[in-house]
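Order of the sequence lines sets the chain letters (A, B, ...), proteins ahead of strands, with each chain counted from 1.
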Protein chains: 2
Amino acid sequence: MRKSGRPTMVDVAADAGVSLKTVSRVVNGQPHVDPALAARVTASAEKLGFHRNALAASLRSGSRDTLGFVSADLTNTFYMTIAAAASAVAVGRGMQLIIASSEEDAATERTLTLDLCQRRVGGLIVVPTAADHTYLQAEVQRGTPVVFLDRPARGIQADELLLDNRGGARAALAELLAAGHRRIAVLLDKPDIFTMVERRAGVEEAFAAAGLTVDERVVVADMHTPQAAREAMTRLLASAEPPTAVFCANNRSTIGALEAIVAADADIALSGFDDFELSRLVPRRIRIVDYDAGELGRRAAELLLQRMVDPDGVEPTTVLLPTRLVDRGREVRPRG
Amino acid sequence: MRKSGRPTMVDVAADAGVSLKTVSRVVNGQPHVDPALAARVTASAEKLGFHRNALAASLRSGSRDTLGFVSADLTNTFYMTIAAAASAVAVGRGMQLIIASSEEDAATERTLTLDLCQRRVGGLIVVPTAADHTYLQAEVQRGTPVVFLDRPARGIQADELLLDNRGGARAALAELLAAGHRRIAVLLDKPDIFTMVERRAGVEEAFAAAGLTVDERVVVADMHTPQAAREAMTRLLASAEPPTAVFCANNRSTIGALEAIVAADADIALSGFDDFELSRLVPRRIRIVDYDAGELGRRAAELLLQRMVDPDGVEPTTVLLPTRLVDRGREVRPRG
DNA sequence: CTGAAAGCGCTAACAT
DNA sequence: ATGTTAGCGCTTTCAG
């Protein structure tokens, strides 16, 4: 037992009267060890309170037993659901997941990502915030597989796992148009965000397919908070020709719009992208573009693990995860 | 450049024509290096695409630059908010947070926790699921500080950071009693969970303080899902003598109870422990026992960092984080 | 089946 | 201000 206070394999070997290598074999459950010796080693390890130093092990063996997940927002349930699913896959293979978050800051993303590389993670799942990812190119070439999630990456050849943003929005709008709605408001977050570009394109496509065009006067962008969406919706409802339907391009917009609609007791159809907690409790029947976030995380982790085993398996691919339209909320009857 | 494909400090040193140690100094930003040499080293490092191996560094130096967070449920926003706050503190000090989750399984918790110890984390934040934590005693004594979060730990001397569960419940009940309510339903999750024991005790204390006793006929336990709570609430509302108020001991119960109340359009006061997303959108005015989850995470991380610096600072303590009663939801006027 | 020696990539402790 | 040497704790040869 050294100054560090922590027993090492050398200490265990000395105590058990065997060589270092035998301890290593026993600790790692390798075969071809005499049961009697193994028992002695186990007993010594137990007695001394030995715990193998995983850092030293992977330094020497070059094995990588952690995955890194760089989220864009730690408190966003969407990303955390993904992380949970990815973590489960990793733990199922005896690995662990380090979760970090850029909090939507490109510089932070870069720092955290390179930091994880210095920790020699086996692979990275990244929700990209940075506009350019050439800084990762070298790492990828040196054998750290990277999967980009939810948003595409630029300046780098890597796997991407995205939602079918365009198809989901198109389906929602097609349904509203089929129901006869023409004056359909659209609430968007920052219009340069990838998902917004795609969802807006889906809206356009649905209108085009119906031989119609979007009424730009009721398209509102930069709805980054529910509050902004609520105010915009309130204004739309109070206008001379209020829309008969609204499409909210993310759940924050949906929540804000709903607050306005409920407060004004307006008769308006609502479809929104992204489900949210308590959507079933909303006092209106609404339609939601839903998807399986956990599936996204599972697929990302599995893709990573596969790339770790077989780096040059197939070309990097972009996978689009399908969405589906579901009912949420319920009509509330008048009180008293 | 070796077979591994990754350049090491030795490679950089050779390229720059300096010694290994000089490279180390430059890479780590240590003083007393001739600017000219430093520039040469930086250039070589850049050229070769050198990235310091953090594993090797901390193996040699014995420094610990990750913290471990063992959650009980990855998709629970409460724990993730805590993790986000703890992560921010860690990153602010150049460390990172490894997040794992026991998913409420004691054996998994043990495995993950010991695994993190083998990775030589600097400290651990644990939401305990296991009934006994003597298995961590040895690690704590060897210098890995552990902070238990949200629930107390047994069989071990360590810091605990808990919510004032009892006080929060007592305040909610005191308010209902002061408003004249007497027949107050109580919806509890599994009654042997620590938080439930405490919150229930708070309920009892409020009744006792008012010289009254809890009406056990309207106390329902084992409400683990919103569905269960909804069914229980529906039954209570349909009974001969329905309660005039209900206290829900966690947000899942609150959500389920609300569904039943809204569906039945019942006139009943509701107070619930834990805020939840969209609580402001609920079509009833309700009262919530709220608290600052982020503060819990920040305090946990800071406590850990302090213990890392000064292991024998003060005795392990139990901190109770205060709660407050807030208004949520809004009355919805009848439609049409 | 077991062991001795070498070394993963880095930093600490000492030179110089 | 720079370099040399040793060694963190483990796994990987390679020899018995």
Sequence-distant partners of Leu320(A), side chain to side chain contact (heavy atoms under 4.5 Å, CB included), two or more places apart: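 Leu320(A): side chain to side chain contact (heavy atoms under 4.5 Å, CB included) contacts with Leu162(A), Asp164(A).
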
Pairs under 3.5 angstrom only: tabulate donor-acceptor contacts from the side chains of residues 31-41 of chain B to other protein residues two or more places apart or in another chain.
| from | atom 1 | to | atom 2 | distance (Å) |
| --- | --- | --- | --- | --- |
| Arg40(B) | NE | Ala16(B) | O | 3.1 |
| Arg40(B) | NH2 | Ala16(B) | O | 3.0 |

Which residues pass the ring pair (Phe, Tyr, Trp, His ring centres under 6.0 Å) test with Tyr135(A), not counting sequence neighbours?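 Partners of Tyr135(A) by the ring pair (Phe, Tyr, Trp, His ring centres under 6.0 Å) criterion, ordered by chain and then number, come out as His133(A).
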
Hey, can you pull the residues of residues 33-47 of chain B with a non-hydrogen atom under 4.0 angstrom from DNA chain C?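 None, since no heavy atom is under 4.0 Å.
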
Any residue meeting salt bridge (charged side-chain N to carboxylate O under 4.0 Å, His left out) with [X], in chain and number order, not counting sequence neighbours:
X         : result
Arg298(A) : Asp292(A), Glu295(A)
Glu103(B) : none
Lys47(A)  : Asp15(A)

For nucleotides 10-16 of chain C, 5' to 3', base contacts (B), sugar-phosphate-only contacts (S) and non-contacts (-) with protein non-hydrogen atoms under 4.0 Å give BBBB---

Separation of atom [atom1] in [X] from atom [atom2] in [N], rounded to whole Å:
X        : N       : atom1 : atom2 : value
Leu55(B) : dG7(D)  : CG    : C1'   : 17 Å
Asp11(A) : dC10(D) : CG    : C1'   : 13 Å
Leu59(B) : dC10(D) : CG    : C1'   : 8 Å

Would you say the side-chain atoms of Thr144(B) and Glu139(B) include a donor-acceptor pair closer than 3.5 Å?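 Yes, side-chain donor-acceptor contact under 3.5 Å.
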
According to the salt bridge (Lys or Arg N to Asp or Glu O under 4.0 Å) rule, which pairs have a member within residues 148-162 of chain A, sequence neighbours left out?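 Qualifying pairs: Glu104(A)-Arg151(A), Asp159(A)-Arg307(A).
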
Any salt bridge (Lys or Arg N to Asp or Glu O under 4.0 Å) pairs touching residues 49-73 of chain A, not counting sequence neighbours?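 Applying salt bridge (Lys or Arg N to Asp or Glu O under 4.0 Å) to every pair that reaches into residues 49-73 of chain A, excluding sequence neighbours, yields Asp65(A)-Arg119(B).
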
Below 4.0 Å: OP1/OP2 of dG3(C) and any side-chain N or O of Thr22(A):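 Indeed, a polar side-chain atom of Thr22(A) lies that close.
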
For the helix from dC1(C)-dG16(D) to dT16(C)-dA1(D), figure out the bend between the end axes, five pairs an end, and round to 10 degrees.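 End-to-end axis angle: 30°.
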
Which pairs count as ring-ring contact (aromatic ring centres under 6.0 Å, His included) when at least one residue sits in residues 78-128 of chain B, sequence neighbours excluded?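 For residues 78-128 of chain B, and leaving out neighbouring residues, the ring-ring contact (aromatic ring centres under 6.0 Å, His included) pairs sorted by first residue read Phe78(B)-Tyr291(B).
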
Quick check for you: among dG3(C), dC8(D), dG3(D), whose closest atom lies nearest to any side-chain atom of Ser19(B)?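 Of all the options, the side chain of Ser19(B) is nearest to dG3(D).
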
Are the side chain of Ser87(B) and the backbone N or O of Ala83(B) linked by a donor-acceptor pair below 3.5 Å?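 No, because the side chain of Ser87(B) does not come within donor-acceptor range (under 3.5 Å) of the backbone of Ala83(B).
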
